[in-house]
Amino acid sequence: MEATAMHPRQEGGQQERMQLVSFNLDDEEYGVEVLKVREIIRMSNITRVPNTPPYVEGVINLRGKVIPVISLRKRFSLNAAEADGRTRIMVMDLTSELTGFIVDSVAEVIRISAGEIQPAPPVITGNIDQEYLSGVVNREDRLLVLLDLERLFTHDERQLFSGRGAE
């Protein structure tokens, strides 16, 4: 079996360790691979862009680079919430393009072994389509739902965010 981001290869009979950034959305905890996260910033002024999907909040200028900002609450059809002092934008590298994702808060970096990742049962996925889920980690009386944000968007949506338009 080939190694993937959420399913690292076993070496020498031992499962590879990985790190996840955990964050919160609507009182649920999610995780993404730490290697995808470029930085985590406080909410900043977001410039709205006309004729974009409803989950696209707009764009921000991050040290001279304009990047799209996505509301994960809107993308996952969750209830809207006002940004507060804990709201963050997670800037991630998706298919070689930087994209910002608004989350309610960022919790911590968690180290796990690949063996701790279990398939996500449908009962915990709520409104999130299964294809975006990489699995679930059950630790210390909490469930951490692992997301594969690269699978969150269609090819055309990724082209739109990169500024190349649908090809």
Side-chain angles (χ1 to χ4, degrees), residues 4-7 18-110 117 120 122 124-137 142-167:
T4 63
M6 290 294 177
H7 301 286
M18 60 189 297
Q19 294 183 8
L20 305 170
V21 175
S22 70
F23 61 91
N24 298 296
L25 276 178
D26 201 28
D27 296 325
E28 298 298 330
E29 190 172 17
Y30 299 91
V32 293
E33 185 181 11
V34 75
L35 295 175
K36 295 285 184 191
V37 180
R38 286 295 177 98
E39 60 188 290
I40 299 166
I41 60 175
R42 294 185 183 278
M43 283 295 290
S44 60
N45 290 331
I46 298 173
T47 302
R48 303 280 305 159
V49 178
N51 301 319
T52 57
Y55 55 84
V56 177
E57 290 296 318
V59 295
I60 60 172
N61 181 338
L62 186 64
R63 288 184 297 287
K65 183 163 177 65
V66 176
I67 63 169
V69 177
I70 308 300
S71 167
L72 281 182
R73 278 182 167 271
K74 288 181 182 177
R75 184 63 170 139
F76 293 157
S77 301
L78 300 173
N79 294 328
E82 288 294 319
D84 61 23
R86 298 178 342 135
T87 305
R88 297 290 184 265
I89 299 174
M90 294 177 60
V91 178
M92 301 185 61
D93 188 358
L94 302 184
T95 59
S96 300
E97 296 290 337
L98 292 180
T99 305
F101 293 93
I102 300 172
V103 299
D104 295 350
S105 64
V106 174
E108 62 183 317
V109 174
I110 300 171
I117 301 173
I124 69 160
T125 59
N127 292 330
I128 300 174
D129 195 325
Q130 286 277 354
E131 72 184 57
Y132 312 142
L133 301 179
S134 296
V136 176
V137 176
R142 72 188 217 217
L143 287 178
L144 178 71
V145 179
L146 304 182
L147 300 177
D148 182 350
L149 294 178
E150 290 196 8
R151 297 175 68 186
L152 186 60
F153 305 107
T154 66
H155 174 74
D156 288 345
E157 287 171 323
R158 285 192 302 272
Q159 294 294 328
L160 174 71
F161 302 151
S162 71
R164 293 187 293 259
E167 295 176 353

query = When you look at K65 and E39, which way does the salt bridge (charged side-chain N to carboxylate O under 4.0 Å, His left out) test go after all the steps?
reply = CA-CA 14 Å; K65 183 163 177 65; E39 60 188 290; over 6 Å; no

Checking side chain to side chain contact (heavy atoms under 4.5 Å, CB included) for the pair M18/I117: CA distance, chi angles, key distance, verdict? CA-CA 11 Å; M18 60 189 297; I117 301 173; 3.8 Å; yes

Report yes if the side chains of K36 and D93 come closer than 4.5 Å at any heavy-atom pair, otherwise no.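 A side-chain contact under 4.5 Å is absent here.
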
Do [X] side-chain atoms and [Y] backbone N/O form a donor-acceptor pair below 3.5 Å?
| X | Y | result |
| --- | --- | --- |
| S22 | E108 | yes |
| R38 | L35 | no |
| R48 | E57 | yes |

Q.
Are more than 12 heavy atoms, taken from residues, nucleotides or ligands other than R42, located less than 6.0 Å from that residue's CZ atom?
A.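 Count not over threshold, so no.
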
[X] to [Y] - nearest heavy-atom pair and separation:
| X | Y | answer |
| --- | --- | --- |
| D84 | D104 | OD1-O, 4.4 Å |
| V32 | M90 | CG2-CE, 3.7 Å |
| L94 | F101 | CD1-CZ, 3.3 Å |
| P68 | L98 | CD-O, 3.6 Å |
| M43 | I46 | CE-CD1, 3.8 Å |

- Item | Passing candidate, side-chain contact (heavy atoms from CB on, under 4.5 Å) with V66, options V59, V49, T47 |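 Going through V59, V49, T47 one by one, the side-chain contact (heavy atoms from CB on, under 4.5 Å) with V66 is satisfied by V59 alone.
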
